[in-house]
A.B. asks: 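Structure incoming, see below.
Predicted model, so just to flag it, every value in this text is computed and none were measured.
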Amino acid sequence: MIGGLEIAVPKEFKAFVDAVKNGSIPAKSVKIYFGHAMTPDEFAAFQKIINMFMEEFPGIEVIPLSYASMDQLKTQISAIAALPPEQRVSFIGNAPDVFTWAHDWIGSFADKGWIIDLETYLGTETITKYIVPAIQPLAMSAVTYKLKTYGLPYAGEAIALIVNKQLVPNPPTRFNEMKSIMQQFYNPSKGTYGLSYQFDPYHLYPFVTAFGGYYFDEVTGSIGVNSTGTKEGVKFYISNILPYLDYSDLGYTAQVNLFLTGKTPFIITGPWALPSIKSSIGLENIQIVPIPEIDGKIPRPFSGFRNMYIAVTATAGGIARTYASILFTLYVALNDNALKILVEENGYVPVKQTIIQYVVENKSKYPVVYGFLQQVLRSTPMPKDPKMDKVWGIGTNLNAIIGEFTKAISEGKSIDEAIQATQPVVDRELDAAYATIMESLGK
């Protein structure tokens with residue numbers, strides 16, 4: 001039983017759980033190390049969960065390892081994973097046994113043997129029959145790679161439309177409504193614009209998907225950077241979004257500052273902007289809604305899912321440390337009380353079905369979480385296949401497309417003329433992106 005969820009597990013694992021719970025294994029005799037890169041404020045909620053876990057399972061001690069950079073964590077895990085198994089024991093504590101990060105590392109880490117799957121220790125039936133139904137399908141698919149489950153997700157995030165209610169009391173539900181409001185606010189001579197929205201492949205993606213486009217299909221392995229839908233989505237963005245932005249600087253800092261100072265009524269961004277919004281506008285003065293549909297077409301931004309990874313280092317020092325690492329992972333992802341702490345204190349968007357329902361039923365209490373939840377449910381998990389590292393190279397070509405637009409403006413052309421000049425460049429640059437990516441993949 002994990003936080004109200006009953007799951008069937010192998011008898012050896014069950015015997016271990018009973019032993020660390022009832023004292024057959026002495027207090028804190030099984031030590032595991034938990035790696036993270038959270039701020040102290042964010043980690044405070046996790047410390048509560050760790051304390052809850054150790055109180056319920058006193059035979060296990062969870063020791064946090066804080067990292068300023070997750071690159072340092074990768075270096076440690078890779079170094080220990082390269083050692084023969086018998087030599088890893090002496091390095092226990094120098095790298096995490098369990099760590100948390102977005103799910104998109106799974107492919108490369110699994111291929112390198114840096115992380116372990118759950119099926120090996122819990123069996124396939126435990127995953128498919130008990131755990132899969134408990135977690136939102138998108139989130140579960142995000143941690144599944146080559147038919148194996150690598151850790152478990154406990155929260156999700158995606159960019160959404162954040163509305164300044166002081167400027168727009170009623171958020172738009174259709175894109176034509178949103179565009180009309182953008183047109184009303186767009187007045188560069190007064191320093192006001194229709195929307196704050198940074199530009200890069202990640203942030204552009206909802207408009208790509210709205211037209212059936214994609215960058216990389218994990219199921220088929222196909223590259224879609226120059227697919228018809230992708231081209232249509234980029235052209236739509238150029239015609240219907242870009243003209244209402246302050247395109248002199250499409251970076252995050254410049255765009256978010258426009259929103260924070262009331263120069264734009266909307267911003268499309270993620271929860272990372274909330275601290276700044278809270279201190280400048282106030283969370284009570286915003287509403288978060290999904291990016292509006294376009295004539296029935298639904299924009300689906302990339303989503304990232306916070307994952308509990310189990311590192312290969314957890315296999316050093318005996319099966320007890322492996323089991324303890326798995327138990328802690330199950331606890332964080334499946335314990336309702338733990339997940340409610342993360343919703344309440346960190347504003348995390350839940351992915352366990354029971355907590356999703358809890359947030360929906362209490363949306364007036366958690367309006368920000370509820371807003372982002374609606375968008376996460378209308379999203380596409382970021383690809384975790386290592387090939388995606390090459391596909392992100394499309395950013396160079398997308399920047400060239402925007403450069404063509406701003407060049408036309410600098411030459412004195414009107415907005416409409418700049419749009420017309422840029423549209424043909426979309427086809428050329430995206431075809432070039434496809435060729436470059438395929439060459440980098442050796443195809």
A.B. asks: Show every salt bridge (Lys or Arg N to Asp or Glu O under 4.0 Å) that has at least one partner inside residues 311-324, sequence neighbours left out.
C.D. replies: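 Residue pairs with at least one partner in residues 311-324: D97-R321.
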
A.B. asks: Is it the case that the side chain of R88 and the backbone of L83 share a donor-acceptor pair, with hydrogens and angles ignored and the cut-off at 3.5 Å?
C.D. replies: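 Yes: the side chain of R88 pairs with the backbone of L83.
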
A.B. asks: Tell me yes or no: between the side chains of Q357 and Q353, is some donor less than 3.5 Å from an acceptor?
C.D. replies: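 Result is no, nothing qualifies.
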
A.B. asks: Roughly how far apart are I291 CD1 and Q374 CD, rounded to 0.5 Å?
C.D. replies: 13.5 Å

A.B. asks: Begin from the C-alpha positions of I341 and N337 and carry the test side chain to side chain contact (heavy atoms under 4.5 Å, CB included) through to its verdict.
C.D. replies: CA-CA 6 Å; I341 289 174; N337 292 329; 5.8 Å; no

A.B. asks: Could you go through the side-chain hydrogen bond (donor to acceptor under 3.5 Å, both in side chains) check for S227 and T230 one step at a time?
C.D. replies: CA-CA 5 Å; S227 66; T230 300; 2.9 Å; yes

A.B. asks: Please check: side-chain N/O of Y348 versus main-chain N/O of L339, any donor-acceptor pairing under 3.5 Å?
C.D. replies: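 Pair absent, no side-chain N/O of Y348 close to backbone of L339.
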
A.B. asks: Please determine whether side-chain hydrogen bond (donor to acceptor under 3.5 Å, both in side chains) holds for the pair S222 and Y214, giving the CA-CA distance in whole Å, both sets of side-chain angles, and the decisive distance to 0.1 Å.
C.D. replies: CA-CA 10 Å; S222 64; Y214 65 100; 3.1 Å; yes

A.B. asks: Return yes if some donor-acceptor pair links the side-chain N/O of Q255 with the main-chain N/O of I267 below 3.5 Å, else return no.
C.D. replies: no

A.B. asks: Looking only at the side chains, is there a donor atom on one of T264 and Y197 sitting less than 3.5 Å from an acceptor on the other?
C.D. replies: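 Side-chain D/A pair, T264 to Y197: absent.
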
A.B. asks: Give, for atom NZ of K278 and atom CG of L283, the distance between the pair rounded to the nearest 0.5 Å.
C.D. replies: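 Going from the NZ atom of K278 to the CG atom of L283 covers 6.0 Å.
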
A.B. asks: Using the ring of W101 (Phe, Tyr or Trp, six-membered ring only), decide whether K74 places NZ or CZ under 6.0 Å from its centre and within 45 degrees of its axis.
C.D. replies: no

A.B. asks: Whether D427 and K235 form a salt bridge (side-chain N of Lys/Arg under 4.0 Å from carboxylate O of Asp/Glu) is what I want to check.
C.D. replies: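 Judged by the 4.0 Å cut-off on N to carboxylate O distance, K235 and D427 do form a salt bridge.
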
A.B. asks: Just by modelled atom types, is the L342 backbone N or O under 3.5 Å from a matching donor or acceptor in the N346 side chain?
C.D. replies: no

A.B. asks: Any side-chain donor-acceptor pair under 3.5 Å between Q423 and S239?
C.D. replies: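 Indeed, the side chains of Q423 and S239 share at least one donor-acceptor pair under 3.5 Å.
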
A.B. asks: Of all the heavy-atom pairs spanning F91 and Q87, show the shortest one and how long it is.
C.D. replies: CD1-O, 3.5 Å

A.B. asks: Please confirm whether the ring centroid of F199 lies under 6.0 Å from the ring centroid of Y247.
C.D. replies: no

A.B. asks: To the nearest 0.5 Å, what is the distance between CZ (F109) and CD1 (I116)?
C.D. replies: 14.0 Å

A.B. asks: What are the two closest non-hydrogen atoms of N335 and I2, and how far apart are they?
C.D. replies: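 In this case the closest contact between N335 and I2 is N-CG2, 4.1 Å.
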
A.B. asks: Look up atom CG in L195 and atom CD1 in I268, then write down how far apart they are to the nearest 0.5 Å.
C.D. replies: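 Between atom CG of L195 and atom CD1 of I268 there are 5.0 Å.
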
A.B. asks: Hey, mind stepping through D41 and T39 against side-chain hydrogen bond (donor to acceptor under 3.5 Å, both in side chains) and telling me if it holds?
C.D. replies: CA-CA 5 Å; D41 287 345; T39 64; 5.5 Å; no

A.B. asks: Any side-chain donor-acceptor pair under 3.5 Å between Y121 and E12?
C.D. replies: no

A.B. asks: Please step through ring pair (Phe, Tyr, Trp, His ring centres under 6.0 Å) for the pair Y244 and Y193, ending with a clear verdict.
C.D. replies: CA-CA 6 Å; Y244 304 105; Y193 300 87; over 10 Å; no

A.B. asks: Is E125 salt-bridged to K129, cutoff N-O under 4.0 Å?
C.D. replies: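 Looking at K129 together with E125, the answer is yes, because their closest N to O distance falls below 4.0 Å.
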
A.B. asks: Test ring pair (Phe, Tyr, Trp, His ring centres under 6.0 Å) on F34 and F328 and set out the steps.
C.D. replies: CA-CA 9 Å; F34 173 53; F328 183 56; 5.4 Å; yes

A.B. asks: Within this structure, what is the CD1-CD distance for the pair I162 and Q375, rounded to the nearest 0.5 Å?
C.D. replies: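 Going from the CD1 atom of I162 to the CD atom of Q375 covers 10.5 Å.
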
A.B. asks: Please check if the number of heavy atoms outside E411 that lie under 6.0 Å from its CD is greater than 12.
C.D. replies: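 Yes - once you tally the heavy atoms of other residues, nucleotides and ligands closer than 6.0 Å, there are more than 12.
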
A.B. asks: With side-chain hydrogen bond (donor to acceptor under 3.5 Å, both in side chains) as the test, would you mind laying out the steps for E218 and S141 before giving the verdict?
C.D. replies: CA-CA 11 Å; E218 280 199 298; S141 71; over 6 Å; no

A.B. asks: Determine yes or no for a side-chain-to-main-chain donor-acceptor pair under 3.5 angstrom, with T126 supplying the side chain and A8 the backbone.
C.D. replies: yes

A.B. asks: Can you tell me how far apart NZ (K384) and CG (D111) are? Round to the nearest 0.5 Å.
C.D. replies: 11.5 Å

A.B. asks: With a 4.5 Å heavy-atom cut-off, do M388 and S108 have their side chains touching?
C.D. replies: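 In short, these two side chains do not touch, never coming nearer than 4.5 Å.
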
A.B. asks: I'd like to know if the side chain of S414 pairs up with that of D416 as donor and acceptor (distance under 3.5 Å, no hydrogens or angles considered).
C.D. replies: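 Short answer, no.
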
A.B. asks: What closest approach, in Å, do G317 and I92 show between heavy atoms, and which atom pair accounts for it?
C.D. replies: CA-CD1, 4.0 Å

A.B. asks: Counting only N and O atoms by type, is there a donor-acceptor contact under 3.5 Å from the side chain of H103 to the main-chain atoms of M308?
C.D. replies: no

A.B. asks: Under 30°, 30 to 60°, or over 60°: which ring-plane class applies to F13 and F16, parallel, tilted or perpendicular?
C.D. replies: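 The rings of F13 and F16 sit tilted, inter-plane angle from 30° to 60°.
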
A.B. asks: For S379 and A158, work out which heavy atoms get closest and say how close.
C.D. replies: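 Closest pair (atom of S379, atom of A158, distance): CB-CB, 4.5 Å.
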
A.B. asks: Does Y358 offer a backbone N or O that forms a donor-acceptor pair with the side chain of N362 under 3.5 Å?
C.D. replies: yes

A.B. asks: Could you check whether any side-chain N or O of N164 sits under 3.5 Å from a backbone N or O of P265, counting only pairs where one atom can act as donor and the other as acceptor?
C.D. replies: no

A.B. asks: Using the rule given for ring pair (Phe, Tyr, Trp, His ring centres under 6.0 Å), can you reason through F57 versus F53, listing the C-alpha separation, both sets of side-chain angles and the distance that settles it, and then say yes or no?
C.D. replies: CA-CA 6 Å; F57 305 102; F53 174 81; 5.1 Å; yes

A.B. asks: Verify whether one side chain among T354 and D336 offers a donor that lies under 3.5 Å from an acceptor in the other.
C.D. replies: yes

A.B. asks: State yes or no: are the ring centers of H36 and F43 separated by less than 6.0 Å?
C.D. replies: yes

A.B. asks: Between T269 and Q198, do the side chains contain an N or O donor and an N or O acceptor separated by less than 3.5 Å?
C.D. replies: no

A.B. asks: Between the main-chain N or O of A102 and the side-chain N or O of Y309, is there a donor-acceptor pair closer than 3.5 Å?
C.D. replies: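 Side chain of Y309 to backbone of A102: a pair is present.
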
A.B. asks: Taking ring pair (Phe, Tyr, Trp, His ring centres under 6.0 Å) as the cut-off, I'd like each qualifying pair that reaches into residues 131-159, sequence neighbours left out, listed once.
C.D. replies: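 Found F46-Y154.
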
A.B. asks: Apply the test ring pair (Phe, Tyr, Trp, His ring centres under 6.0 Å) to residues F372 and W272: give CA-CA distance (whole Å), side-chain angles for both, the deciding distance (0.1 Å), then the verdict.
C.D. replies: CA-CA 12 Å; F372 277 119; W272 47 86; 8.0 Å; no

A.B. asks: Using the rule side chain to side chain contact (heavy atoms under 4.5 Å, CB included), only one of D117, V132, T120, V143 pairs with T149; which is it?
C.D. replies: V143

A.B. asks: Taking side chain to side chain donor-acceptor pair (under 3.5 Å) as the criterion, tell me which of T436, N226, N397 meets it with D431.
C.D. replies: N226

A.B. asks: Quick one: sort the Y202 and W392 rings into parallel, tilted or perpendicular, breaks at 30° and 60°.
C.D. replies: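 Rings of Y202 and W392: tilted, 30 to 60°.
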
